Amino acid sequence: MTALPSTEELAAFRTEVRQWLAKNAPPKPKWKLPDSFMEVGTDEEFEYLQKWQRKVYEAGYLGMTWPKEYGGGGKVAVYQHVVDSEMARARVPFMVNLIGLFWAGPTILRLGSEAQKQRYIPKLLRAEEIWCQGFSEPENGSDLANAQMTAVREGDEYVLHGTKVWTSLGAYAHHMILLARTDKSGPTKYNGLSFFLAPMRVPNVETTPIRKMTGEHGFTETRFDGARIPASCLLGEEGQGWNVALTTLAFERGAEGGQAGGLAMVPLRVSQVVEMAQTVTRDGRPAIEDPVVRDRLVQFAIEERGMELCIHRMRTPALTQPRPFAVPMMAKLVMSEARRRLCAFAVSLQGENAKLYCGDPDAYLDGDFQRAYMNAFSATIGGGSSQIQMNIIGERVLGLAKG
Amino acid sequence: MTALPSTEELAAFRTEVRQWLAKNAPPKPKWKLPDSFMEVGTDEEFEYLQKWQRKVYEAGYLGMTWPKEYGGGGKVAVYQHVVDSEMARARVPFMVNLIGLFWAGPTILRLGSEAQKQRYIPKLLRAEEIWCQGFSEPENGSDLANAQMTAVREGDEYVLHGTKVWTSLGAYAHHMILLARTDKSGPTKYNGLSFFLAPMRVPNVETTPIRKMTGEHGFTETRFDGARIPASCLLGEEGQGWNVALTTLAFERGAEGGQAGGLAMVPLRVSQVVEMAQTVTRDGRPAIEDPVVRDRLVQFAIEERGMELCIHRMRTPALTQPRPFAVPMMAKLVMSEARRRLCAFAVSLQGENAKLYCGDPDAYLDGDFQRAYMNAFSATIGGGSSQIQMNIIGERVLGLAKG
Amino acid sequence: MHAATLETPVEIAYSEEETLLMMSASELLAKHSDFAAVRRNLASESGFDAALYQQMAELGWLGLAVPAAHGGAGLPVGALASVAEPMGRHLFASPFLASTLASQLLLAAGNSAQQTTWLPKIVRGEAIGSIAITEPSGSYEIEPVSTQAVETASGFCLAGKKCFVLDAAQAAFVIVSARLLDRSVLLLVDAAQLSGRIRREVLIDETRRSYRLDLHDLTLPRSALLDGGDAPAGLAHLHRVAWLLLAADACGGAEGVLQLTLDYLKTRKQFGKLIGGYQALKHPMVEIMSAIEQGRSLLYHAATAFDRAQPEAEIALRMAKAQLGDTYAHAVDRSIQFHGAIGFTYECHAQLFFRRAQWAQHSFGDSLHHRRHLGTLLWPQPTAAASQAR
Amino acid sequence: MHAATLETPVEIAYSEEETLLMMSASELLAKHSDFAAVRRNLASESGFDAALYQQMAELGWLGLAVPAAHGGAGLPVGALASVAEPMGRHLFASPFLASTLASQLLLAAGNSAQQTTWLPKIVRGEAIGSIAITEPSGSYEIEPVSTQAVETASGFCLAGKKCFVLDAAQAAFVIVSARLLDRSVLLLVDAAQLSGRIRREVLIDETRRSYRLDLHDLTLPRSALLDGGDAPAGLAHLHRVAWLLLAADACGGAEGVLQLTLDYLKTRKQFGKLIGGYQALKHPMVEIMSAIEQGRSLLYHAATAFDRAQPEAEIALRMAKAQLGDTYAHAVDRSIQFHGAIGFTYECHAQLFFRRAQWAQHSFGDSLHHRRHLGTLLWPQPTAAASQAR
């Protein structure tokens, strides 16, 4: 680790990043950019985003905190924070290999073998190999430990049987992190699970696209029907899969740092909705002139800034007492719920035109907010629904009893 | 039962009631009238209200549906509805013996012996004997079936040991309906409970006033320390107390009709808050002129009218499908929560003066709304908290699983 | 006086005829508009089942509030809610809404010839009528009308655009609002004249079909003018009918999505328990149910009060529309969430209700719009008392 | 430009001195302002513990943001939040608020003689100062001031009433706002002159003491005038200080009542289970915690930005006040409810927070008031763009 940069060094770095982004931000595509990695549904979307991630990586702006020997930058975290905030500010596209950068990568770096780190990390950063996640199964949406997929060891291989569902990027991924049952005789459902870095492009793995409520495609169902994968894909020890998964979940829920950085989705800012409220009219006058609309917009702005400032406050440990983990644990819940409410509100400002949808030439911003409202549920449902998040926070942060 | 009255008969009756109320409504007292029977804390309050109930009863406007042989009016329910709505309209005081009229009385009429009906009902209607309720115990607020008070049969008496708490009118009551354990050997907590019509004014019954958050007194804790009560006070059979209590709870929760009528509390109408909003200023202009205040007042008005109309809709069974019991079951929850929110909002309209409290000569309406906000919790907590109500409704009306 | 409006006694009075109508409509639609049927219609160009529409005509639904003289049943307008609510409940879309609005506008403002020509055909299901009053601004207000009409030697010439014209591609005629000098007028446009002037809109609600109309340089004969009544009054009546029908649609829809969600909560298990047992799901469902119960009561009152004097009827209608628009929107939002990942799929029926709720909320005024008007109706601003106080 | 204000980079910068101050204040108040001590003070006439107040003076809390020249520590105003938050956390009331507001007003508008006379005494705890700016209308706005000042031969003569004058009965002086011809002025009134003119108010918050002042025919010498600075600017500064202090009080109080509630939810059992395990209680507690975390961040940012240029500082302060006022009010409401019947008693400490939250919310602007001003600061109405569009 290098030393902490001075304020001047950081300011200079911020300027450099800003300039780079101004010069290198990808041109707006002709088609509608997905709202997040979970919405990537066509080849052209995928390729455009893959190219963008590679460009960011090659500029040295991704995986900045990861070890140099695996392709990372070996820098302190504050540099990546600067990059991420500048990318949000510049509203450039998100990183397509998000599961690799945020969840699979950190897990491999924490618990993987030296061979695994060398094998997977560099290609992951370069978006050369895309990752997806196989935790949910059709009968077990939230109850991950109840995985029914089986993995049977046969020589140097494991044979997989079962189905994973809600797999974002399932059609493009090279690897899937997944939980499978290697032993059914354990005393509880938590025993006998193993964690694999499973290749997707082997025989007997079949992905079926699932159509989302927006009408678009985005995720898949993945069937493993006797697929054979090398035993070297096992991460950690056989039977210790639940503990590995908990590590991944801690990364996913933001309770642990160590992600490679980059944007997870194009953030929706209150100021964009304000801009719309200044543009569209409600009953003949700009929506922004309605005092009730103003009151609600201000409230959204307060909450947005409150959450943003929480991230800042975390940098001064003395100001995080008595709940140092509250902010990282609550970020996903608060931000995804705020986004859902803000999208719904943004739609409502459009008057009769709120009924238009993407593709209609007269829809405001091509129906961006209408679609974004629907897509907002992917974050309030996926990765542990808001209800599950509240259980977790209530129990782990507030110390309340389990239900 | 007499036949249903014609529209003309009803209209004439309504006029008669209205005239009677105009003439007989009690004069406004010098002191502050309690918000509901749960708030009665002084002798002068009690006597004033007792006198008022007797007057209403003697005019034939209370217990109108109850059998004539026990002092009731033997009429169809619609007459009592007219009286009740006119009393609400005239904003006259509530009935002090509410537990008798609404819960104890209907339970006795449904399940009591002939002797019990004759003994208790007439005096109850006349407010000659006041009733209170002993369901809650210090360790069992919501979990009524877990009552720990014991009743041991000795000859023609039962000997009571234990403590009841949150007893409204505890200091004035002559009788308490209570649950006590007559047998501890039952397989579940529901077995071995018995239901008593226990006299309060016998040796070894001690009531201690509890001070409410408003600063006033209103309810008591009642200790039974070997109190002996006649065996004839048992309602129903020994050991069947839980079933009797369920009947009482059905009355309390409004799931069953048969109450004697009268007002349970002085209702808080949105129009009163509107009146205030037209009177008080916020930042120099009448509060009603603030568009955000107007928006919220309208929403309160919509919900108030919606609930009021629900009561009307119940009269046409075809319009109550598919949930005929939804409205009676939800009324307490909806109305008590609406009252709490409306009170809080009413306080907030007063600007800096919202900080003044009852007794300050400059407080708006002597701080009525400030106190009413605090008292509003008695209804969202008492008689089954809102959270418990939602469980009950979710399970019994919507058919959802128990938690 | 104004606060007293809030204290005006309210009531619900439904005739046996109306409750029977509601029950038979519910039965018919439950049978013919199940989810499979709804999804079949999503894909079709017209969006509806013509045979079923004909059946509705035979049942008299298209003439419920049309006088007997024109072949209708002559019931009060409020009776329309009795069929509109089950339609919402079963996500049923057909030209019923368009034709009913058109026939009500003809009754309010059309002349005798126009009424005699079109009403019997609408009632018999032989012709579909529609209305074109919404403009690109998306305003919920009746005024101002931007579309211009200019008087010519032979009639009128129009300029302007109209949006969300329901079923225009199937309609035999469309009634258009326009401004002629300083007054609003209504003009009946024959379908033949719309050729090349209509574009199907891409709607969030895939059960509906609506179109954008380009009226530029459209010439109409003098006989196109609806001169049997006051046009502004006709437009006001039209809005009131639309509020009732959309509140009813929202009421039925909210109930439909409540049932859909309950069905899921009663069968889906997680962590070994039925998810409906979790308070985080159970309690919001109770709150939604309560809101629906209140909304239904407001709806039936609005239907009862439809023909009452103003502002009583307007207050009742706007309250129902506001409450049910919000309730439906909230119910579908929670339905998606509580279905979990399944709820996020196109396959899950929750999205059908979700999209339809957007239509109900944003047609003819959302809740914020109606609350603002209700405030004005209940407490004119600034109040007389307040002005004196200053 | 205006929407960009929302995009202005924000930060929290706390010196080690400030965080240490916060920690030591927390420790001291946890020890000396436990619930027993708070309840003892409720019953006393003055409402505070004079010995403890002296100790605060010795620790320098009364001069944190007073320049060293007057005996203070010379820290930025933002540092006041570091002691005000723990005071809210422990329901601590003392003349700290009154004296701090008075000293800030003296610094902003007083002349050198007034500052030299009073500031050292305030800092040493020898004199309590207070301010009288609120009037019977209860308005949160600085303007208009209704109290009239008339110039006389020897000075001024006042007419008007002031409310919510903190600790007036204990104060050595009170600074009064008044209107002199067409401008606002500030006048320093010696305690001796208030005899017979003050009445203690009955407050919902029993930890506070405030008084109503009758200024009718009160004559003041010419030297009473604060003429060391612009009075309106002084009043604006005073409001900003009050927003910071009350936001901090609300932040601490919300945290205090959160902890009180959590303690109960972790020990109370019903139906054989700890009630904190029920989602109906657990989830709202998580939401309250999230709101507090956001509010704290807004508070620390407001403290950081206090001396920034306008409108940046004002936006930061009003956001903190609005968010924390609402959060505190909601947290106490739920605390009462979740304590069940116990929560409804005077004995339960929840009511102490409940009453104090009412004070915090309704002093110097509730959330609705601040959101309205924030709207104006962020998006002046009507916007230039909008006007052009029409």
Side-chain angles (χ1 to χ4, degrees), chain B residues 85 89 269-272 274-275 277-279 281 284-289 291 293-299 301-323 326-327 330 333-334 386-387 389-395 397-403, chain C residues 2-4 6-7 9-14 16 19-20 22-23 255 258-259 262 265-266 273-279 281-283 285-287 289-298 300-301 316 319 322-323 326 367-368 370-372 374-376 378-379 381-383 385-387 389-390:
Chain B
S85 71
R89 195 181 163 281
R269 302 282 305 173
V270 174
S271 56
Q272 290 169 263
V274 169
E275 211 173 286
Q278 288 168 334
T279 310
T281 59
R285 59 176 183 167
I288 192 87
E289 292 184 19
V293 169
R294 296 168 74 82
D295 184 70
R296 296 213 39 208
L297 280 173
V298 170
Q299 185 59 31
I302 291 173
E303 289 170 25
E304 175 181 273
R305 185 170 277 193
M307 198 59 223
E308 198 178 342
L309 283 163
C310 279
I311 312 293
H312 287 259
R313 179 158 58 88
M314 289 305 100
R315 295 184 196 152
T316 309
L319 302 181
T320 66
Q321 298 304 324
R323 284 181 299 273
V327 169
M330 80 193 209
L333 170 70
V334 171
S386 295
Q387 287 70 33
Q389 298 286 345
M390 285 202 261
N391 281 347
I392 293 171
I393 299 168
E395 289 153 22
V397 180
L398 297 181
L400 293 170
K402 290 217 168 206
Chain C
H2 298 110
L6 218 47
E7 298 302 315
V10 287
E11 56 161 341
I12 291 172
Y14 260 55
E16 206 177 319
T19 55
L20 283 175
M22 200 187 303
M23 279 190 280
E255 179 67 30
L258 175 80
Q259 292 301 339
L262 288 174
L265 299 188
K266 289 176 190 177
K273 279 169 58 178
L274 286 170
I275 61 175
Y278 292 105
Q279 291 179 332
L281 309 189
K282 183 187 291 174
H283 290 193
M285 293 310 288
V286 170
E287 289 172 324
M289 180 208 84
S290 299
I292 293 174
E293 294 292 338
Q294 287 168 287
R296 274 181 78 187
S297 302
L298 288 160
Y300 297 166
H301 168 61
M319 280 192 172
Q323 171 73 5
D326 278 351
S367 56
L368 180 59
H370 286 296
R371 284 196 301 272
R372 182 162 57 75
L374 283 164
T376 308
L378 291 164
W379 317 300
Q381 182 174 20
T383 60
S387 298
R390 278 180 299 181

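Keep in mind the model is a prediction, meaning the values are calculated, not measured. Order of the sequence lines sets the chain letters (A, B, ...), proteins ahead of strands, with each chain counted from 1.
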Contact check, side chains of Leu319(B) and Tyr14(C), non-hydrogen atoms, under 4.5 Å: yes

Point-to-point distance, once rounded to the nearest 0.5 Å, from CG of Leu378(C) to OG of Ser271(B): 10.5 Å

Selection from Lys402(B), Met330(B), Glu395(B), Gln272(B) maximising heavy-atom pairs under 4.5 Å formed with chain C: Met330(B)

Contact winner vs chain B - Gln323(C), Arg296(C), Gln259(C), Glu287(C), heavy-atom pairs under 4.5 Å: Arg296(C)

Under 4.5 Å from a heavy atom of chain B, the part of Ala322(C) involved: side chain

Contact origin within Leu258(C) toward chain B - heavy atom pairs under 4.5 Å: side chain

For Leu309(B) against Ile12(C), the heavy-atom pair lying closest together: O-CD1, 3.6 Å

Side-chain heavy-atom pair Arg371(C), Arg296(B) within 4.5 angstrom cut-off: no

Smallest separation among heavy atoms of Leu6(C) and Ala301(B), with atom names: CD1-CB, 3.6 Å

Heavy-atom donor-acceptor pair, Glu293(C) side chain to Val327(B) backbone, under 3.5 Å: no

Segment of Glu16(C) engaging chain B (4.5 angstrom heavy-atom cut-off): neither

Close side-chain approach of Ser297(C) and His312(B), heavy atoms under 4.5 Å: no

Donor-acceptor contact below 3.5 Å, side chain Arg294(B) vs main chain Trp379(C): yes

Donor-acceptor under 3.5 Å (Lys282(C) side chain, Ile393(B) main chain): no

Among Met23(C), Met22(C), Glu255(C), residue most engaged with chain B (heavy-atom pairs, under 4.5 Å): Glu255(C)

Contact origin within Gln389(B) toward chain C - heavy atom pairs under 4.5 Å: neither

Option in Gln321(B), Glu304(B), Glu308(B) with maximal non-hydrogen atom pairs under 4.5 Å from chain C: Gln321(B)

Side chain proximity check, Met289(C) to Arg323(B), heavy atoms < 4.5 angstrom: yes

Ion pair Glu11(C)/Arg313(B), N-O distance below 4.0 Å: no

Side chain to side chain, Met285(C) and Met390(B), heavy atoms closer than 4.5 Å: no

Euclidean distance, Leu400(B) CG relative to Leu265(C) CG, rounded to 0.5 Å: 6.0 Å

Heavy-atom contact with chain B under 4.5 Å, split by part of Ser290(C): both

Arg269(B) versus chain C, the contacting section by heavy-atom distance below 4.5 Å: side chain

Flag side-chain contact, heavy atom, 4.5 Å: Val286(C) against Leu333(B): yes

Validation row: Ile302(B), Leu374(C) side chains within 4.5 angstrom (heavy atoms): yes

Side-chain donor/acceptor of Lys266(C) to backbone N/O of Leu398(B), under 3.5 Å: yes

Side-chain touch Gln299(B)/Met319(C), heavy atoms, less than 4.5 angstrom: no

Most contacts with chain C, counted as non-hydrogen pairs under 4.5 angstrom, among Gly306(B), Gly403(B), Ala318(B), Pro322(B): Gly306(B)

Side chain to side chain contact (heavy atoms under 4.5 Å, CB included) between His370(C) and Val298(B), worked out: CA-CA 9 Å; His370(C) 286 296; Val298(B) 170; over 6 Å; no

Structural part of Met307(B) lying under 4.5 Å from a heavy atom of chain C: both

